[in-house]
Amino acid sequence: MTNENQTNATLQDENEQGEFRQNQVVAERREKLKKLRGQGIAFPNDFDRTHMAGDLQLLHGDEDKDALEARNIEIAVAGRMMLKRVMGKASFATVQDMSGRIQFFISQEGVGAETYEAFKHWDMGDIIAARGMLFKTNKGELSLRCQELRLLTKSLRPLPEKFHGLTDQEQKYRQRYLDLIMNAETRKTFVVRSRVVQAIRAFLTGRGYLEVETPMMHPIPGGASARPFVTHHNALDMDIFLRIAPELYLKRLVVGGFEKVFEINRNFRNEGLSTRHNPEFTMIEFYEAYRDYKYLMDLTEEMFREVTTSVLGHAVVQYQGHTINLAEPFDRLTITQAIRKYHPGQYTDEQLHDRPFLLETLRRMNAAHHPTDGVGGLQLSLFEETTESLLIQPTFIIDYPAETSPLARRNDRDPSITDRFELFVVGRELANGFSELNDAEDQAERFMEQVRQKEAGDAEAMHYDADYIRALEYGLPPTAGEGIGIDRLIMLLTDSPSIRDVILFPQMRRED
RNA sequence: GGGUUGUUAGCUCAGCUGGUAGAGCAGCGGACUCUUAAUCCGUCGGUCGACAGUUCGAAUCUGUCACAACCCA
């Protein structure tokens with residue numbers, strides 16, 4: 001099996017190599033590289049860049065042509081050649097670096113006949129560098145009048161067509177580097193992603209939170225209901241699981257006295273792929289002692305408002321044709337209130353608490369549900385079937401049934417529900433938070449119930465984690481904790497229709 | 001898992017009811033010292049996703065498969 005795979009892989013590589021060599025454009029470029037090698041150092045690494053294109057545009061983009069010329073600003077800029085306009089003895093090249101683009105003006109009298117002649121044969125996609133004076137062309141475009149021009153890295157493969165760019169979704173995901181070269185929108189998405197994560201960090205650390213890292217490899221998968229990835233540790237000869245959530249470890253830290261902790265990291269769930277699901281995805285989980293789920297809802301609103309405003313400059317975002325207002329307080333509804341609000345007149349409160357009615361309704365709708373569930377579980381199924389997708393504006397759904405919330409604290413007035421919420425925006429779950437269950441004996445019973453469900457065939461039911469119970473037995477202070485799906489949040493803030501648009505290298509099937 | 005659409009040159013795409021495979025960009029050669037997807041002239045480049053079938057003849061019709069995007073579960 002292994003041997004066969006290796007043989008196939010090798011053949012595949014050779015095949016790919018063969019095709020690669022045969023391609024005429026690539027062959028031309030390899031020939032050019034060969035000449036470069038013959039002329040000396042083909043991949044120089046001694047160019048000192050002094051300026052970034054985007055900074056120059058910001059600083060001098062609006063400056064007067066003559067005034068700029070008089071200032072004699074010498075700059076050294078490098079980047080990828082994206083456009084090239086060759087004329088007789090003077091040419092223009094558009095060069096792109098991480099910050100933006102700037103135009104090079106290359107003339108025979110500026111760089112010399114020899115370099116100019118060489119430049120004519122450089123290709124789009126090559127990494128080039130120049131030193132010279134900043135000026136504005138007659139048309140008013142900020143440019144670099146090259147006195148020194150160098151080819152730093154020869155590009156062997158041609159870039160996508162310069163006007164249409166790279167549009168094929170699959171190629172954008174598989175060859176993200178090309179997507180990043182070609183599409184400013186893609187670059188922007190991932191810059192926003194980075195800034196959002198930074199802003200969340202700043203928000204929490206500014207409130208005294210400690211950022212921590214807990215294991216990605218778990219002896220017992222826990223903290224969520226999901227199927228894990230399994231692997232094996234050879235030296236210990238034990239199966240281990242990629243984590244499905246960090247929750248149980250973070251709460252152990254609260255037991256340890258780290259009363260405000262958060263972790264931003266990957267979770268892994270062995271489930272289907274969709275526009276909303278990638279097998280590895282990023283979550284932030286945060287826990288704060290001596291707080292409850294209501295405090296978390298307030299904190300979440302504040303965080304969303306502050307992060308969005310600091311990154312985008314405003315808290316009203318457009319998402320796939322919807323206008324989402326993150327500035328106003330979010331709606332807060334119980335499951336049954338939400339069903340009734342979004343289906344006015346359709347159900348009475350009595351009906352929504354009538355188990356046979358709920359069962360019959362779900363059956364008629366052909367909706368996914370567990371027929372053995374109690375009223376709470378059935379209400380939740382009805383909510384998911386009929387109402388979830390209608391929650392466009394940010395909405396907290398509260399009072400989740402205890403039977404589907406094995407880690408959440410029971411409500412004081414009604415022990416069948418928990419002090420828990422989920423946050424929905426554009427019909428998607430973005431966050432999940434609750435007052436933590438800190439009663440070790442209740443937690444032990446709930447784990448036992450999960451084990452019974454697992455034995456009854458529910459692959460997503462939780463395991464009994466004895467060490468976690470032991471930790472709770474030392475005493476977890478009253479604590480509130482929450483998880484936010486970072487990828488889905490970024491989707492919302494970058495108007496991205498698919499989770500793959502916000503993950504640099506999304507999971508794909510193998511190419512061969 | 002089901003449905004819809006797609007797969008043609010390095011890239012973006014045409015190609016009608018079957019009759020010798022097309023354009024633009026990129027490449028190569030030439031002209032051009034202020035261009036902006038530069039322009040102009042010339043030129044190279046294809047196992048039409050794979051396999052099978054129908055046919056005198058298939059990029060085109062049929063079937064199977066592979067992969068992808070979107071929708072649904």
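Given the structure is predicted, the values throughout are model-derived calculations rather than measurements.
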Exercise. For B:rU33, does either OP1 or OP2 sit under 4.0 Å from a side-chain N or O belonging to A:Ser107?
Worked result: no

For this session: Give the rounded distance in Å between these two atoms: CE of A:Met81 and P of B:rG27.
Result: 9 Å

Problem set entry | Length of the NZ-C1' vector between A:Lys84 and B:rA38, whole Å | 13 Å

Exercise. Going by the angle between their ring planes, with limits at 30° and 60°, are A:Trp122 and A:Phe119 parallel, tilted or perpendicular?
Worked result: perpendicular

Atom pairs under 3.5 Å, N or O on each side, protein against nucleotides 7-10 of chain B: can you list them with distances?
unit_1 : atom_1 : unit_2  : atom_2 : d
B:rG10 : O4'    : A:Asn23 : ND2    : 3.1

Exercise. For B:rU5, which nucleotide in any strand shown is its Watson-Crick or wobble partner with both distances under 3.5 Å?
Worked result: B:rA68

Exercise. Which part of the nucleic acid, if any, lies within contact of A:Lys32, taking any heavy atom under 4.0 Å across all strands shown: a base, the sugar-phosphate backbone alone, or nothing?
Worked result: sugar-phosphate

Exercise. Hey, which of these two, A:Trp122 or A:Asp168, hits RNA chain B nearer its 5' end, going by closest nucleotide?
Worked result: A:Asp168

Problem set entry | Other residues, nucleotides, ligands: >12 heavy atoms within 6.0 Å of A:Lys188 NZ | no

Exercise. Do other residues, nucleotides or ligands put more than 12 heavy atoms under 6.0 Å from A:Glu114 CD?
Worked result: no

Seminar exercise, completed: Of B:rU12, B:rC71, B:rG27, the nucleotide closest to the side chain of A:Glu28 is B:rG27

Problem set entry | Whole-Å distance separating the OH atom of A:Tyr116 from the P atom of B:rU33 | 8 Å

Problem set entry | Nearest-nucleotide 5' precedence on RNA chain B, A:Ser274 against A:Gly88 | A:Gly88

Exercise. Looking at B:rC13, B:rA68, B:rU36, which one has an atom nearest to any side-chain atom of A:Thr167?
Worked result: B:rC13

Exercise. Would you say a side-chain N or O of A:Arg500 is under 4.0 Å from OP1 or OP2 of B:rA69?
Worked result: yes

Exercise. Using the C1' atom in both, what is the distance from B:rU33 to B:rC48, to the nearest Å?
Worked result: 44 Å

For this session: Assess whether atom CZ of A:Arg195 is packed by more than 12 heavy atoms of other residues, nucleotides or ligands within 6.0 Å.
Result: no

Exercise. Nearest-Å distance, CZ (A:Arg29) to P (B:rG45)?
Worked result: 19 Å

Problem set entry | N/O (side chain, A:Lys162) to phosphate O (OP1/OP2, B:rC25) under 4.0 Å | no

Exercise. Whole-Å distance between B:rC11 C1' and A:Ile181 CD1?
Worked result: 13 Å

Seminar exercise, completed: Which of B:rC28, B:rC70, B:rU33 is nearest the side chain of A:Asp123? It is B:rC28

Exercise. How far does the C1' atom of B:rC34 sit from the matching atom of B:rG30, given to the nearest Å?
Worked result: 22 Å

Exercise. Nearest of B:rA38, B:rU12, B:rA69 to any side-chain atom of A:Arg85?
Worked result: B:rA38

Problem set entry | Nearest-Å distance for atom pair CD/C1', residues A:Gln507 and B:rC67 | 16 Å

Exercise. With rounding to whole Å, what would you report as the distance between B:rU8 and B:rU43 at their C1' atoms?
Worked result: 22 Å

Exercise. If you measure from the P atom in B:rC41 to the same atom in B:rU4, how many Å do you get, rounded?
Worked result: 46 Å

Exercise. Nearest of B:rC28, B:rU36, B:rU12 to any side-chain atom of A:Glu141?
Worked result: B:rU36

For this session: List the atom of A:Met491, the atom of A:Thr275, and the distance in Å for their closest heavy-atom pair.
Result: CE-O, 3.7 Å

Exercise. Taking the six-membered ring of A:Phe43, is NZ or CZ of A:Lys154 closer than 6.0 Å to its centre and within 45° of its axis?
Worked result: no

Exercise. With under 30° as parallel and over 60° as perpendicular, where do the rings of A:Phe330 and A:Phe304 fit, or are they tilted in between?
Worked result: perpendicular

Seminar exercise, completed: From the list A:Thr494, A:Ile486, A:Leu504, side chain to side chain contact (heavy atoms under 4.5 Å, CB included) with A:Arg193 holds only for A:Ile486

Exercise. Within 45 degrees of the axis of the six-membered ring of A:Tyr400 and under 6.0 Å from its centre: does A:Arg420 put its NZ or CZ there?
Worked result: yes

Problem set entry | Watson-Crick or G-U wobble mate for B:rC25, both contacts under 3.5 Å | B:rG10

Exercise. Given that both distances must come in under 3.5 Å, which nucleotide forms a Watson-Crick or G-U wobble pair with B:rU36?
Worked result: none

Exercise. Which value, in whole Å, describes the distance between the C1' atoms of nucleotides B:rC25 and B:rA9?
Worked result: 12 Å

Problem set entry | Among B:rU12, B:rA69, B:rA38, the one nearest A:Leu83 by side-chain distance | B:rA38

Exercise. Which value, in whole Å, describes the distance between the P atoms of nucleotides B:rG6 and B:rC32?
Worked result: 48 Å

For this session: Considering just the side-chain nitrogens and oxygens of A:His121, establish if one lies under 4.0 Å of OP1 or OP2 belonging to B:rG27.
Result: no

For this session: Sticking with atom P, work out how far B:rG10 lies from B:rC71, rounded to a whole angstrom.
Result: 31 Å

Problem set entry | Touch class at under 4.0 angstrom, heavy-atom based, for A:Gln108 against every strand present | nothing

For this session: Pick the C1' atom in B:rG49 and in B:rG2, then give their distance to the nearest Å.
Result: 23 Å

Problem set entry | A:Phe163 CZ to B:rA38 C1', straight-line distance once rounded to whole Å | 14 Å

Problem set entry | Ring centre gap for A:Phe104 and A:Phe92 strictly below 6.0 Å | no

Problem set entry | Length of the line joining A:Phe92:CZ and B:rC32:P, which is rounded to integer Å | 17 Å

Exercise. Watson-Crick or G-U wobble partner for B:rG63, using a 3.5 Å limit on both distances?
Worked result: B:rC51

